[in-house]
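Everything below concerns the one structure shown next.
Since this is a predicted model, take the numbers as computed values, not measurements. Remember, it's 1-based here, ligands and their atoms both numbered in the order they're listed.
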Amino acid sequence: MFITFEGGEGSGKSVQSKLLYDFLIEEGYGVLLTREPGGTPLAEDVRRIVLTGEPEKMSTLTETLLYLAARADHWSSVIKPALDANKIVICDRFHDSTLVYQGMCKGVAEDFLNAALREISGGRKPDRTYLLDIAPQIGITRAFSRKNNETRFENMDMAFHEQVRAGFLKLAAAEPERFLTLDGSQPVETVQEKIKQDITAVLARGR
Ligand code: TMP
């Protein structure tokens, strides 16, 4: 089972993915928790390149290819082996982020991004995606309070973040069976409880 978390900046994905990981481990499952961009030494290097420093340092195409390069390495050396070993893989962001940030918001062709996914994962998409939806004003405030040096996207203007939010909601509406959209402004425990209930039902029906 391949599970992803998606959402805008400060939507609580990282916290919720860790809580889901802890829950599934307690339930006795073999679980891998990972993130994008990242999850391998090479992909973590790419993360540093794309998420720190000056936004204008690279073109959208260059940035896109870097995210895809990171994903190719992550998929073949971490995600696929774990899925093949029957583990549950929880990934904080995946292809949907590329479709939204680079595709819908920055104009990279969707066909190109989907073709890249076919090369990377044989077109394998997540089985379940939790979209944590939050008003950018709230999310950005939270993201800034994390105080790391990954300011690249968080510095972009509100209109961009509104576009990101709308993009994710559009993807979720197009694939209601894969996505569960949750209100990311609710307390952590409330969101966690909904995810636990959902994953329990999803695992019970074997998918
Ligand atoms: P996060 O790990 O805090 O969610 O931040 C990762 C940032 O990388 C976030 O701004 C979204 C961005 N991103 C893309 O633009 N495209 C992608 O394909 C991925 C995986 C992330």
Side-chain angles (χ1 to χ4, degrees), residues 2-18 20-21 33-40 42-75 78-79 89-110 112-121 124-126 129-134 136 138-168 171 182 184 191:
F2 181 28
I3 301 166
T4 55
F5 280 81
E6 296 284 2
E9 319 302 320
S11 56
K13 295 177 290 85
S14 308
V15 169
Q16 291 299 338
S17 37
K18 176 70 169 67
L20 178 60
Y21 172 83
L33 174 63
T34 187
R35 69 169 180 180
E36 289 207 352
T40 69
L42 186 151
E44 291 291 336
D45 280 349
V46 171
R47 181 181 184 96
R48 186 181 41 74
I49 293 167
V50 287
L51 295 180
T52 56
E54 295 306 308
E56 61 278 7
K57 74 185 170 193
M58 67 181 84
S59 73
T60 295
L61 180 60
T62 304
E63 172 193 291
T64 304
L65 294 170
L66 285 169
Y67 281 116
L68 296 175
R71 181 161 306 134
D73 192 55
H74 190 210
W75 180 269
V78 173
I79 300 180
V89 174
I90 303 172
C91 192
D92 182 351
R93 294 196 187 278
F94 191 65
H95 179 63
D96 296 313
S97 279
T98 322
L99 289 176
V100 169
Y101 284 85
Q102 282 67 48
M104 296 173 181
C105 298
K106 295 188 169 190
V108 176
E110 189 185 347
F112 171 73
L113 298 177
N114 287 332
L117 187 71
R118 283 196 295 280
E119 292 296 324
I120 291 168
S121 72
R124 172 84 192 256
K125 286 186 176 184
T129 297
Y130 296 108
L131 171 58
L132 301 186
D133 176 56
I134 194 164
I138 305 172
I140 301 298
T141 309
R142 274 194 196 166
F144 268 121
S145 67
R146 283 203 299 257
K147 286 199 182 70
N148 62 26
N149 57 357
E150 290 180 358
T151 52
R152 172 143 197 222
F153 286 82
E154 289 157 16
N155 280 341
M156 285 183 174
D157 62 32
M158 278 299 163
F160 179 84
H161 293 294
E162 292 288 2
Q163 228 184 324
V164 168
R165 184 186 196 188
F168 278 123
L171 291 184
L182 297 152
V191 178

### Query
Any idea which part of Leu51 is under 4.0 Å from ligand 1, heavy-atom wise: side chain, backbone, both or neither?
side chain
### Tyr101 versus Arg93, side-chain donor and acceptor atoms under 3.5 Å
yes
### Near-ring test Phe94/Phe2, centroid separation under 6.0 angstrom
yes
### Message
Please compare Tyr101, Phe94, Tyr67 and report which has the shortest non-hydrogen distance to atom 19 (C) of ligand 1.
### Response
Tyr67
#### Entry: CD on Gln163 to CG on Asp157, rounded to 0.5 Å
9.0 Å
### Task
To the nearest 0.5 Å, tell me how far Leu65 CG sits from Ser59 OG.
8.0 Å
### Message
Quick check on contacts: which atoms of ligand 1 are under 4.0 angstrom from a heavy atom of Thr98?
### Response
17 (C), 18 (O)
### Message
When you compare ligand 1 with Glu9, is there at least one nitrogen or oxygen pair between them that comes in under 3.5 angstrom?
### Response
yes
### Task
Check each atom of ligand 1 against the heavy atoms of Arg71 and keep those under 4.0 Å away; list them by number with element.
18 (O), 20 (C)
### Query
Is ligand 1 less than 4.0 angstrom away from at least one heavy atom of Lys13?
yes
### Task
Would you mind reporting whether Phe5 and Arg35 have side-chain heavy atoms less than 4.5 Å apart?
no
### Query
Should one rank Glu36, Glu6, Arg47 by closest heavy-atom distance to atom 2 (O) of ligand 1, which comes out on top?
Arg47
### Non-neighbouring partners of Arg142 that pass side chain to side chain donor-acceptor pair (under 3.5 Å), sequence neighbours left out
none
### Message
In this structure, does ligand 1 have an atom that sits under 4.0 Å from one of the heavy atoms of Arg35?
### Response
no
